[in-house]
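Each residue takes its place number in the sequence, starting with 1. Only heavy atoms go into these numbers, but all of them, side chains included; no hydrogens, no water, no symmetry mates. For clarity, every value in this text was computed on a predicted model and none was experimentally measured.
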Amino acid sequence: MHYITLNLLLVFSLIFSGCTTKQSDVKSADVKPVAQNLDDKNLEHATFALGCFWHSEEIFLEVKGVKEALPGYSGGTEKSPDYEMVGSGTTGYAESVDVTYDPSVISYGKLLEIFFAEHDPTTPNYAAPDEGPQYRSVIFYRNDDQKKQAEDYIAKLTASHKYSNPIITQVTPFTKFYKAEDYHIRYYRNHPSGQPYIDNVTRPEVEKFRKDFPDLVQK
C-alpha cells in the first residue's frame with residue numbers, strides 16, 4: 001500500500017510540477033529557430049495572459065488568420081525579464097502570448113471569445129495546475145477599441161451568468177512584451193509527448209480548443 005501511495009505521489013508531482021523547465025534541461029537540437037516575415041502593415045497585435053504559455057502559444061498558432069503567436073512576458077516593469085525571474089511571482093509579469101493576426105480573416109472579438117473559452121477567468125492567480133500571479137488572467141489592450149471590446153465582452157459574459165464566480169480577468173494597457181527564451185518557443189511542437197506536463201495538461205488544452213472551435217483551426 002505504501003509503495004502504491006508513493007508511486008501515486010510521484011506521478012502527481014511530475015504532472016503538476018507546473019509549466020516549468022530550465023534551458024539546461026533542453027538539448028540544443030530541441031531548440032528550432034522560428035522564421036518571421038511579418039512586415040504586412042495590415043496585421044494587428046493582441047496580447048493575452050491565460051496561464052502557461054506553452055499551450056496558449058499553440059492554441060493561437062492554430063487559429064485561422066493568425067500569422068504568429070509568441071510566448072513571453074507582459075505586465076511587469078523590470079527590464080529584460082527571464083523565465084526564472086518571472087517564475088518567482090514577484091515581478092508583476094505574467095506568462096503571455098503575443099498574437100499577430102490578419103483582421104480581415106479573424107476579428108479581435110473572436111480572439112477574445114477564444115481567450116475566455118480556453119481558460120477559467122474566475123480563478124485569481126491560478127490556471128490549473130499552475131499557481132502564482134505569473135499565471136493570472138489578463139487582456140493587455142493596445143488601443144481604446146480593444147479595451148472597449150474586452151470590457152463589453154466581460155459585461156456580456158457576466159450578464160449571461162456563464163460562470164458561478166465573478167470574472168477576475170484584468171483589462172490593462174499594453175506597455176511592453178518580452179519574447180520568452182528560445183527554448184520556450186514552439187515548446188509543444190518541439191516536445192509533443194513524453195513529458196508529464198505536456199501529456200496531461202498542454203495536449204488536453206490544445207485538443208479542447210480544437211473541439212471548441214473546429215471551424216477556426218488552420219488546416
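Thr123 places none of its side-chain heavy atoms less than 4.5 Å from the side chain of Ile168. Between Glu113 and Phe213, some side-chain heavy-atom pair lies under the 4.5 Å cut-off. Using a 4.5 Å heavy-atom cutoff, the side chains of Phe177 and His45 are not in contact. The shortest distance between side-chain heavy atoms of Asp199 and Ser193 falls below 4.5 Å. The shortest distance between side-chain heavy atoms of Thr91 and Ser88 falls below 4.5 Å. Annotation: side chain of Arg136 is not in contact with side chain of Pro124 (no heavy-atom distance under 4.5 Å). Within the 4.5 Å cutoff, side-chain heavy atoms of Ile114 are placed close to those of Val63. At a threshold of 4.5 Å between non-hydrogen side-chain atoms, the residues Glu44 and Tyr108 do not count as touching.
For the pair Arg142 and Asp98, the salt-bridge criterion is met [side-chain N within less than 4.0 Å of a carboxylate O]. Note on Glu68 versus Arg186: salt bridge recorded, some NZ/NE/NH1/NH2 to OD/OE distance being below 4.0 Å.
Under the 4.5 Å side-chain contact rule for hydrophobic residues, Phe60 and Tyr153 share a cluster. In the hydrophobic cluster analysis, where Ile, Leu, Val, Met, Phe, Trp and Tyr join through side-chain heavy atoms closer than 4.5 angstrom, Ile167 is grouped together with Leu111. Residues Phe209 and Leu61 do not share a hydrophobic cluster, clusters being chains of Ile/Leu/Val/Met/Phe/Trp/Tyr side chains in contact below 4.5 Å.
Panel note: side chain Lys110, backbone Val105; no donor-acceptor pair is recorded below 3.5 Å. In this structure a side-chain-to-backbone donor-acceptor pair under 3.5 Å is present from Gln218 to Val66. Asp102 places no side-chain N or O within donor-acceptor distance of the main-chain N or O of Gly65, the cut-off being under 3.5 Å. Of the possible polar contacts, one joining the Ser96 side chain to the Ala94 backbone as a donor-acceptor pair under 3.5 Å is found. Not one N or O on the side chain of Arg210 forms a donor-acceptor pair closer than 3.5 Å with the backbone of Val217. Side chain of Gln134 to main chain of Gly87: a donor-acceptor pair is present (N/O by atom type, distance under 3.5 Å, no hydrogens or angles). Between the His191 side chain and the Tyr187 main chain, a donor and an acceptor come within less than 3.5 Å of each other.
Here the NZ atom belonging to Lys179 is positioned 10.5 Å from the CD atom belonging to Glu181, to the nearest 0.5 angstrom. Remark: Cys52 SG to Glu205 CD distance equals 9.0 Å, nearest 0.5 Å. One distance of note links CG of Asn143 with CD of Gln149; it measures 8.5 Å at 0.5 Å rounding. The CD atom of Glu151 sits 5.0 Å away from the NZ atom of Lys147 when rounded to the nearest 0.5 Å. In this structure, CD1 on Ile106 lies 11.5 Å from NZ on Lys67, to the nearest 0.5 angstrom. A distance of 11.0 Å separates CG of Asp152 from CG of Leu157, quoted to the nearest 0.5 Å.
Counting non-hydrogen atoms of other residues, nucleotides and ligands closer than 6.0 Å to NZ of Lys148 gives a total of 12 or fewer. Other residues, nucleotides and ligands contribute at most 12 non-hydrogen atoms within 6.0 Å of the CG atom of Asp144.
Ring centroids of Phe140 and Phe48 are separated by 6.0 Å or more, keeping the two rings apart.
Shown here for Thr169 and Ser137, the closest heavy-atom pair between the two residues is OG1-OG, 2.7 Å. The two residues Ile139 and Ala150 make their nearest non-hydrogen contact at CD1-CB, 3.8 Å. The shortest heavy-atom contact between Tyr141 and Val171 is CD2-CG1, 3.6 Å. Residues Ser80 and Met85 share a closest heavy-atom pair of O-CE, 4.3 Å. Closest heavy-atom contact between Ala69 and Val97: CB-CG2, 3.9 Å. Closest of all the heavy-atom pairs between Phe116 and Ile154 is CZ-CG1, 3.5 Å.
Among the candidates Tyr197, Tyr188, Tyr135, the single residue satisfying the ring-ring contact (aromatic ring centres under 6.0 Å, His included) test with Trp54 is Tyr197.
Remark: Lys176 is not positioned above the aromatic ring of Phe174, lacking an NZ or CZ atom under 6.0 angstrom from the ring centre and at most 45 degrees off the axis.
Between Tyr93 and Tyr73, the two ring planes are perpendicular [angle over 60°; tilted spans 30° to 60°].
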